[in-house]
Amino acid sequence: MTKADPQTDLRSMTGFAAQTGAMDPFRWAWEVRSVNGKGLDLRLRVPDWIDGLEAALRPLVAARVQRGNVTVGLRVNREDAVAKLAVNAIQMKAVVHALLEIEAEAMDQGLSLAPSRASDIAAMRGIMEQSAAQDDPAPLRAAVLADVPALLDAFDAMRLAEGAALRDVLRNQLDQIEALTAEAATVAEARKADVAEALKRNLARVLDNTDGADPDRVAQELALLAVKADVTEEIDRLTAHVTAARDLIAQGRAIGRKLDFLMQEFNREANTLCSKAQNAELTRIGLALKVLIDQMREQVQNVE
């Protein structure tokens, strides 16, 4: 197997990659996976509280993938949510004002109260408020996006490896189609004498049993039958399709749609070959071609 060339080799639409990262106090895990699809269906599952992340991520993925159902997910965890204490100024003023009123009333009644301490006031309900730290998401967004190129490189590497295996399978199947087509050409050439003899017998039978038949019309009908029995055109087209498919595979990159269309043409010629066969051996070859073409088309469905 030759070394994969990211610029020209086939890519499978099936792939997977994962990547982890950290920036205190955050830990995150990326995951990207894809399966085949008719077009590009990109689904992003990322935290919506990281502003601008999805908008920045979408073009990065779309630039690397042309076809397939692609899902990109990101999980972010905060390991130590640092809490902050803040003074509730309104509540504190209300408490201090109440303490002053209490001390003034006590003095009027001749009572002496112990001085209030700040810790006593802070311990009162509602004075101190605890809140989770609020972080600017911009540094986190930049950090998680910095992991994306490596994530997509790993994803692309897997798709290229799968594509290289697909390329070898497709080339092998094309070799088999070419061999069967050549075998069909040999059988078709060998049966020409039999077809001609059969037409002569049919012509004699028609002329012997038909009074007043127009010889020219009879000849035209027999010529039409001869054309319908001729599979040369189908064999030539199958040969041309093999060449076209090999050229596409050598071209590489996103050729899945073109290959899929070409497989329809392969199938059409194999069907016509079977319908025209009128020969057990040629019918066998035609059916073998149909089976092989169906198998190849299943593989083509995975090509980007």
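Keep in mind that this is a model prediction, so the values were computed, not measured.
A donor-acceptor pair under 3.5 Å links the side-chain atoms of S34 to the main chain of M13, judged by distance alone. Between the side chain of W30 and the backbone N or O of V72 there is no donor-acceptor pair closer than 3.5 Å. Side-chain atoms of Q66 do not come within 3.5 Å of backbone N or O of E304 as any donor-acceptor pair. Judged by distance alone, with hydrogens and angles left aside, the side-chain atoms of N69 form a donor-acceptor pair with the main-chain N or O of N36 at under 3.5 Å. Checked by atom type and distance alone, the side chain of R167 never pairs as donor or acceptor with a backbone atom of I249 at under 3.5 Å. At least one donor-acceptor pair closer than 3.5 Å links the side chain of R67 to the backbone N or O of V303.
A salt bridge links D156 to R11: one of the charged nitrogens lies within less than 4.0 Å of a carboxylate oxygen. Salt bridge R284/E281: present, at least one basic N to carboxylate O contact under 4.0 Å.
Between the side chains of Q176 and N172, at least one donor N or O sits under 3.5 Å from an acceptor N or O. With no hydrogens or angles considered, no side-chain donor-acceptor pair links Q299 and Q295 at under 3.5 Å.
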Please report the C-alpha distance between E162 and R159 in whole Å, then the side-chain angles of each, then the deciding distance to 0.1 Å, and finally whether the salt bridge (charged side-chain N to carboxylate O under 4.0 Å, His left out) criterion is met. CA-CA 5 Å; E162 294 283 342; R159 295 196 306 134; over 6 Å; no
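Considering only heavy atoms from C-beta on, L174 comes within 4.5 Å of R246 through its side chain.
Linking ILVMFWY side-chain heavy atoms closer than 4.5 Å, directly or via other members, places F266 and V169 in two distinct hydrophobic clusters.
Atom CG of L111 has more than 12 neighbouring heavy atoms from other residues, nucleotides or ligands inside a 6.0 Å radius.
Checking each of L289, N271, T272 against E234 for a side-chain contact (heavy atoms from CB on, under 4.5 Å) leaves exactly one that passes, namely T272.
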